[in-house]
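In what follows, every chain begins at residue 1, and chains take the letters A, B, ... in the order their sequences are listed.
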Protein chains: 2
Amino acid sequence: MPRTGLSPEDARRRAVEIALARIREHGFVKLRLAEVARDMGVSHAALYAHFRDKAALLDAVTESWLCEARARTASICAGSAPAAERIEQWFVARYRIKSARAQSDPEIFYGFNEATAGERPVIRDHMRHLREELTALVAEAGLGGRDEAEMLEEAMSAFLHPELIGPGPRPEREAALRRLVRVVLAGLAAEPGPRR
Amino acid sequence: MPRTGLSPEDARRRAVEIALARIREHGFVKLRLAEVARDMGVSHAALYAHFRDKAALLDAVTESWLCEARARTASICAGSAPAAERIEQWFVARYRIKSARAQSDPEIFYGFNEATAGERPVIRDHMRHLREELTALVAEAGLGGRDEAEMLEEAMSAFLHPELIGPGPRPEREAALRRLVRVVLAGLAAEPGPRR
DNA sequence: CCAATTACAAAATTAGAAAAATGTAATCAA
DNA sequence: TTGATTACATTTTTCTAATTTTGTAATTGG
């Protein structure tokens, strides 16, 4: 049978592209493998050569989606500003990315957080990655370790949790977020007891 | 037609009782006015003499549900401990009530927060009430006013928002909550600038 | 070999009729 | 007068059959 002429990697990439475009237009739940396949010019069964199942394709979409976010927070971690300042920037970056997406691609953003909620490994890995970045920043700031990073993350839930974030970015929210980060950091610095 | 012999107030109370019991057993979404009416020994249409519509009955259930919570936080506000300590107690009390209910009556707890989410006046009033209590406590502690109370409330979302709270109460969560409250209060105290 | 295909089984979704529940009106009796 | 009734219109939910979609197997051709 006629090959597509695409390498396996390119075929995967193309499928993810097409899926993402379709999700943007028609929403997450209405994605049909047959449509993705048609747009690629193959039969729907051909997709199963590249993805174990539909969930695997969706995971690949998710991954591409998370990739940009990862790049942005990573560049902040690698910055040269004082650690406390980078923590603030780090949260602001996350807020901007997520709220902007909640605004521009609500279908994808909320779809995600319902359909693929928490328990998917791709998401868990991403969350673990974020936690590690924050833990490093907190340690660099001399304000603690894993526990303190977790506390900070929890304190910022109202600004970052998908249920609570709302479309944006909105300057007032961003200002409130910055203030809360500074307050929590100041509070941590003022805590009695040893610091690693 | 034969009267029930109940005063309007008693009839309302009884309807709320029965509705609450049925919701406990079969969940929020499956509540049927006809069943409530049958348990009261009247026709379903009779309920409309006491409640504008089904939503109004549900609101009355909600109100009875919120009543105990209100009493508990109020008694803490009226306490004699230092304001900062009462703020901690106040949040712990809210955590205990909500998490216990998420544990014991998940049907009601989550049903609520899906079915009647946010926009019902009963809920909004309750939230406003809580905000006022917290604002007063924050002011008493000399840590600010409305804005600072809102910041504190947002900081505690991870422990109190229905999406995030989870069943409980769990001692580790309670400890983390206490620590975060103290950290935020310390951070507020350390903030530069005037305080009302 | 291996990325495709077709054909098909199993699972999930949709559609639309049937049933049930909500809400209203006219009326009744304590 | 008012809290109730019955009867009925409207809206919502439920159920089931038809259809679509997903996933598998056997097969093919570059």
Side-chain angles (χ1 to χ4, degrees), chain A residues 1-23 25-62 107 111 114-117 120, chain B residues 1-23 25-62 107 110-112 114-117 119-120 122:
Chain A
M1 286 292 153
R3 301 303 181 85
T4 55
L6 294 172
S7 72
E9 299 75 38
D10 282 344
R12 275 183 68 93
R13 237 191 306 280
R14 183 105 190 79
V16 169
E17 260 174 42
I18 290 168
L20 196 52
R22 293 205 75 91
I23 291 169
E25 244 189 299
H26 303 102
F28 213 85
V29 294
K30 287 195 181 167
L31 183 73
R32 301 286 172 254
L33 291 188
E35 297 176 339
V36 176
R38 181 168 40 67
D39 287 9
M40 287 181 76
V42 298
S43 70
H44 87 273
L47 286 172
Y48 286 84
H50 302 291
F51 302 93
R52 185 190 331 287
D53 55 16
K54 189 181 182 179
L57 170 58
L58 260 27
D59 281 348
V61 172
T62 304
E107 282 295 354
E114 280 163 44
T116 77
R120 284 259 119 199
Chain B
M1 285 292 152
R3 302 302 181 87
T4 56
L6 295 172
S7 73
E9 299 75 38
D10 282 344
R12 277 183 68 92
R13 238 191 305 280
R14 183 106 190 81
V16 169
E17 261 173 41
I18 289 169
L20 197 52
R22 294 205 74 92
I23 291 168
E25 243 190 300
H26 303 102
F28 213 86
V29 294
K30 287 193 180 168
L31 184 73
R32 301 289 170 251
L33 290 188
E35 297 176 339
V36 176
R38 182 168 39 67
D39 287 9
M40 287 181 75
V42 297
S43 71
H44 85 274
L47 286 171
Y48 288 83
H50 300 291
F51 302 94
R52 185 190 327 291
D53 54 17
K54 190 181 183 179
L57 169 58
L58 261 27
D59 281 349
V61 173
T62 304
E107 283 296 353
Y110 295 108
F112 246 42
E114 280 163 43
T116 76
E119 69 289 334
R120 284 260 119 201
V122 213

Exercise for review: Return the set of residues passing side-chain contact (heavy atoms from CB on, under 4.5 Å) with A:Ala46 (not counting sequence neighbours), or none when no residue passes.
Suggested key: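 Expected list: A:Val42, A:Ser43.
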
Point to revise | nucleotides 18-26 of chain C: protein proximity per nucleotide (B base, S sugar-phosphate only, - neither; heavy atom, under 4.0 Å) | key: ---SBBB--

In whole Å, what is the span from the [atom1] atom of [X] to the [atom2] atom of [N]?
| X | N | atom1 | atom2 | answer |
| --- | --- | --- | --- | --- |
| B:Arg12 | D:dA4 | CZ | P | 13 Å |
| B:Asp10 | D:dA4 | CG | P | 12 Å |
| A:His26 | D:dT21 | NE2 | P | 13 Å |
| A:Leu58 | D:dT22 | CG | P | 10 Å |

Check your understanding: Do the side-chain N or O atoms of A:Ser43 get closer than 4.0 angstrom to the phosphate oxygens (OP1, OP2) of C:dT5?
Key ->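 Indeed, a polar side-chain atom of A:Ser43 lies that close.
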
Of the non-hydrogen atoms in [X] and [Y], which two are nearest, and what is the gap between them?
| X | Y | value |
| --- | --- | --- |
| B:Ile18 | B:Met40 | CD1-CG, 3.3 Å |
| A:Asp39 | A:Arg22 | OD2-NH1, 3.1 Å |
| A:Val16 | A:Val61 | CG1-CA, 4.0 Å |

Review point. Is a salt bridge present between A:Arg14 and A:Glu17, judged by a nitrogen-to-oxygen distance below 4.0 Å?
Key: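 Yes.
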
Exercise for review: For A:Leu47 and for A:Lys30, locate the closest nucleotide of DNA chain C by heavy-atom distance; then report the residue assigned to the nucleotide nearer the 5' terminus.
Suggested key: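 Final value for this comparison: A:Leu47.
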
**Study point:** Estimated bend of the helix from C:dC1-D:dG30 to C:dA30-D:dT1 (axis per five terminal pairs, rounded to 10 degrees)
**Key:** 40°

Would you compute the distance between atom [atom1] of [X] and atom [atom2] of [Y] and round it to the nearest 0.5 angstrom?
| X | Y | atom1 | atom2 | answer |
| --- | --- | --- | --- | --- |
| A:Asp59 | A:Arg52 | CG | CZ | 9.5 Å |
| B:Asp53 | B:Leu47 | CG | CG | 11.5 Å |
| A:Tyr48 | A:Leu57 | OH | CG | 9.5 Å |

